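Naming convention: chains lettered A, B, ... in sequence-line order (proteins, then strands); numbering from 1 in each chain. For clarity, every value in this text was computed on a predicted model and none was experimentally measured.
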Amino acid sequence: MKFSYFPGCTLKAEAGRSGETAISAAGALGVEVTELDQWQCCGAVYPLARDEIATKLSAVRALIDAKRAGLPLLTLCSACHHVIKRVNRDMAEDSDVRDRVNSYVAPEVPYGGETKVVHFLEMLRDHVGFDSVAKRVTAPLAGQRVAAYYGCMLLRPSSAMGFDDPENPSIMEGLIAAIGAEPVLYPQRNECCGGYLAIENKGAAKRRASEVVRSAAEHGADCIATTCPLCLYNLTENGAAGTMPVYDLTALLANALGLHVEPSSGCAAVCSVCSERNSAHAC
Amino acid sequence: MRVDNDDILRSSGTDVRKCMKCGKCSGACPSFDEMDFPPHIFVSMVERGDAAALLSSKSLWTCMSCFACVERCPRGVEPANVIEAVRASAMSPQGANRMRPEDVPVFLGAAGECLVPQQLLASAFRKYSR
Amino acid sequence: MPVESAFQPKIAAFCCNWCSYAGADLAGSSRLSYPADVKIIRVPCSCRVNPLFILRAFQRGADGVIICGCHPGDCHYTSGNYFARRRAALLFSMLDYLGVESGRTRVEWVSAAEGQKFAATMNDFAKTVASLGKCRRIGDLRCRTSES
Amino acid sequence: MTKIGVFVCWCGSNIAATVDVDAVSEAIKAAPGVVFATNYQYMCSEGGQAAIRSAVAEHGLTGVVVCSCSPRMHEATFRKAAAGAGVNPYMVEIANIREQCSWIHKDKAEATAKAIALARAAVAKLNLDRPLTAPETPVTKRALVIGGGIAGIQTALDVADAGYEVDVVEKSPTIGGKMAMLDKTFPTLDCAACILTPKMVDAAAHEKITLYTYSEVEKVSGFVGNFTVDIKKRARSVSVDRCTGCGVCSEKCPSKRAKSEFDQGLRERSAIYIPFAQAIPNVPVIDRDTCLKFQTGKCGLCEKVCPSHAVDYSQEDEVITKQYGAIVAATGFKPIGLERFDEYAYSRSPDVVTSLEFERLCNAAGPTKGHLVRPSDGKEPKTVVFVQCVGSREASGIGAMKGKPYCSKICCMYTAKHAMLLREKYPDSEAYVFYIDVRTPGKNFDEFYRRAAEEYGVHYIKGMVGKVCDEGNGRLTVRASDLIENRQLLIDADMVVLAAAVEPDPSARALATLLTASMDTNDFFTEAHPKLRPVESPTAGVFLSGMCQGPKDIPDTVAQAGAAAAKVIGLLSKDRLVGNPCVASCDETLCNGCSACERVCPYGAISYETKTVVDRGAKDERRVASVNEALCQGCGACTVTCPSGAMDLRGFTGRQIMAEVDAICR
């Protein structure tokens, strides 16, 4: 299994190691991941204005590079995934956007949405298989009650993302079960963490993130796991305030696979203690 | 400030006339309490051609683009797109950006490293300026 | 009726039995006049109108052809008028291309209750056709009778 | 060569004042085929008809043109007169010189010229007319009703009361349908079982009605008046004749883990079961998928305990074939599945229920014996939120639609009923109804809804629920908008009731194919005319009763069921059906077998068969179109669609219409 990989700015910068963690976990599962030679920021937010072209260009460049490599494009960050997948859909279905972007980017062959955009979780579920993941787990997280946090961007709008049931998703719970932990279902798992409001209106972001953490706690979660760096930040900094550990799910995976991930610095809390099967392990 | 309602309709790419005024968007919105004009009123006012009144709305800056309204709308109206279109209009005059490059350094550490996820800065910058 | 010009167009009107023909009857019983140049051919449904009939009419020297059927959704046979509409759209654009001006062809929905509309439609259509003059484009010389 | 007589009517002065009738009858004599022409004061009078008769006798006429009023007025009169004189009635053409000429023109010369032109067109057409015979077919005096809910039962009773035999085919083990599941009915709040079960008993006891429960229609052939239908009677594994309905088998059955269909899965049932106490027939059926005997071979307990030796594991499905004159579709509805509406936490929380589940929870014969409690913990609910329009009135946006585009029509009323029932059972409870619009057209309907708000204190809130959170501690948090007060509400609820949209029963789609009855995009059966023929399918002899045609409440369903019965009775009361001879026919030597005509036919009257065709002396095996003349209604859609010109319409052939065109363009 081979994939082109779009890391995105966040996973290259402060949460850098979490990107590497995910890639090494993929390697351990027999997936070969090649980072795109050159890539630019995905644009961070999908431009909702239909006539907006400029902010879609860098996503298209990444898609074209993946098409040249003849590989599906793997993404890890929810925002990158959201932007690239939706831009790809525009390129496939909206002839107006397609024509304008192609005339601007001028690739050797016009791009029409041919690249398949795959999120890391989808890769695990559909290409590796959660059963195979479970078989390779050497340090299962037994006894851990893990609340998956999806946030918004992976799931919505479901018609564009086609990722999972937008109101009752199961993909993260599938992975949590595969690495030996017990998934916790709670109603706030697909409600917003506060997103970029954290810059503009910290109070509002705090209220939102705290609501997510409260809901997870009330349903008996020991910790929250997510794959989105922004959610990770908001839940950790604005929601949990030390009351509930929030992890990058791929780091939990890496630990379960016995890769002994080092704790990440700053906001991106990555657990290293899980391999010791210790349930109380605030980083 | 002047705003062209038709521009907003076009750039939102959604048909606000399909709205049946059920209010599910505002029933789903997690940011409702932070808003002066909730999503259903955005749609309604744009539909009747009164987008200008929304340009100074607090809601422009408290919508989190979480797409709960888009996902749950039974009529396929995309309220978040309408809000975004008005937000873009509100920022189109010179100097109307909500976030400026000089606002960024407070989020940087001594060595220029980012104190928040880079994605957060990038998204906020994209949403709050143009 | 005062004859304003020597030219009197020949107009064939295909009317479906259930709506438009009844609408024409209502126009008659309401004594609503329209030019004698309009002559009606009764068909069970507007979808019975074969494009060949229309071509034949122009070949034989008609100056205008109108198809009248039930309003969309009201077809006695549920869907015939939709077929008629699609066929007419194609044929009329081809005729226009051949030089038979689009004003010479028309599809109109007239219900059994619309005597007024029937007469108004025929008056308007006849006026349009008259203003376009004689249709010579696809008329067949061999089909001309001596009087024309 | 047709010998044509032309008769010009004066219609008193209606025609004669504007049209020079003498000139017309004189001019038309020159038209090809015309051997006689005259004019008369009133052609439709006995004198006029006598003139036709004597002219036929005198001139040996084989065709008649009457220049008179609209054929819509007197075509039938003149056809009858011609037939009386020995002329084929379809060799009669009418030139409409009154409505289309004398009444709308003032200039006599102009009107006369037009009348002559119209007469010529009629003559030109008549020259190409061929004698036609209206087909006659006998009528099988028995009706088939498909579906045994209130719609099917009512139609069957009405038809049977008129003295005709009726068979009812019902796919589930009992008749009764959805109405049997209901607790109370709006707007009177009388008990559904009290008014339905007597009708079920009547149907079972009626000497003219035969019930085939646990049965399905497998094949339909034939046409109006003469349908042949295969009915598959699925094996009950219990002899209907021997069983006394004592219920010992169900009691002793060790396999009790199947979800009760009748109780909407809120209760478990045994593998051998009677759906509900008043089921008809009151005979159990073995669900072979959950029966230990059928699954493992071990058990056989029911056979042992049955006092009347009615259990029979060896029973097999049986197909019977019967003849019917008319078929009524009464296949009913079901609530849509709510898998894609998990913002309401339906699949997460047992205390989020559909309205039909709520109905069972209120019903004295239901899983809780009418004690309205939460399915999760059996506690009485104090706060209940009702959500209307769940999946109704939707439109597609950037993605596919999750629900249905139509209003389900019954939800506003039953929700008001449910809220009232709740408040009646628990006066200290709170009922919130979230609505988009409250739609209550119907006798005493709006009054009923207002009573819910005014007398029962139900909180009606204009707004919609955006999310239901199962808080995990037995509480549900409902987040919703209140549009009147422009606020967002968070309601701490014990139960949430979802008014799921209705959709046609899934079995209807396959049935429509069997019946060649058309359906709309939502799989509701299409009526022959939306206003004037609301209970007839466009396919002759097939009628529609109840929800299968569109959302309906019980009063509407019963009314439509009666209307469908009246149509059936009207059909069965005839000994023979006289058809329309002006139907499509296929020239097999021209047909290229493309199937284009089959696709446009709204009546399913065209089928294809491979047969030997003799074309210019040569025999050839070809796939050619064949028109069922009993089904064809004569619209002519196929004739124009046919690329090879093989299809033609009798009475309106291509050549005839061309001849008319030629005549008027002369």
Residues in residues 344-356 of chain D near chain B [non-hydrogen atoms, under 4.5 Å]: D:Tyr344

Partner residues of B:Phe37 under the ring-ring contact (aromatic ring centres under 6.0 Å, His included) criterion, sequence neighbours left out: none

Proximal component of B:Val77, with respect to chain D [non-hydrogen, under 4.5 Å]: neither

Part of D:Asn486 within contact of chain B (heavy atom distance under 4.5 Å): both

Chain B contacts, top residue of D:Ser392, D:Gly403, D:Ser396 (heavy-atom pairs, under 4.5 Å): D:Ser396

Straight-line distance of D:Leu483 CG to B:His40 NE2, nearest 0.5 Å: 4.5 Å

Donor-acceptor pair, side chain of B:Arg75 and main chain of D:Arg393, under 3.5 angstrom: yes

D:Lys379 atom NZ, neighbour heavy-atom count above 12 within 6.0 Å: no

Test side chain to side chain contact (heavy atoms under 4.5 Å, CB included) applied to D:Glu343 and B:Lys24, step by step: CA-CA 11 Å; D:Glu343 64 265 38; B:Lys24 195 170 177 182; 2.7 Å; yes

Flag if over 12 foreign heavy atoms under 6.0 Å of NZ, D:Lys531: yes

From SG (B:Cys73) to CE (D:Met464), nearest 0.5 Å: 10.5 Å

Partners meeting ring-ring contact (aromatic ring centres under 6.0 Å, His included) with D:Tyr406 (sequence neighbours left out): D:Phe524

Side-chain (D:Gln488) to main-chain (B:Ser26) donor-acceptor, under 3.5 angstrom: yes

Between CE on residue B:Met20 and CD on residue D:Glu394, distance to nearest 0.5 Å: 7.0 Å

Which residues share a ring-ring contact (aromatic ring centres under 6.0 Å, His included) with D:His418, sequence neighbours left out: D:Phe358, D:Tyr414

Heavy-atom closest contact (D:Ser481 atom, B:Cys22 atom, distance): OG-O, 4.3 Å

CZ/D:Arg450: more than 12 non-hydrogen atoms of other groups inside 6.0 Å: yes

Most contacts with chain D, counted as non-hydrogen pairs under 4.5 angstrom, among B:Cys29, B:Cys25, B:Gly13, B:Cys69: B:Cys29

Nearest-0.5 Å distance that lies between atom NZ in D:Lys467 and atom CZ in B:Arg72: 5.0 Å

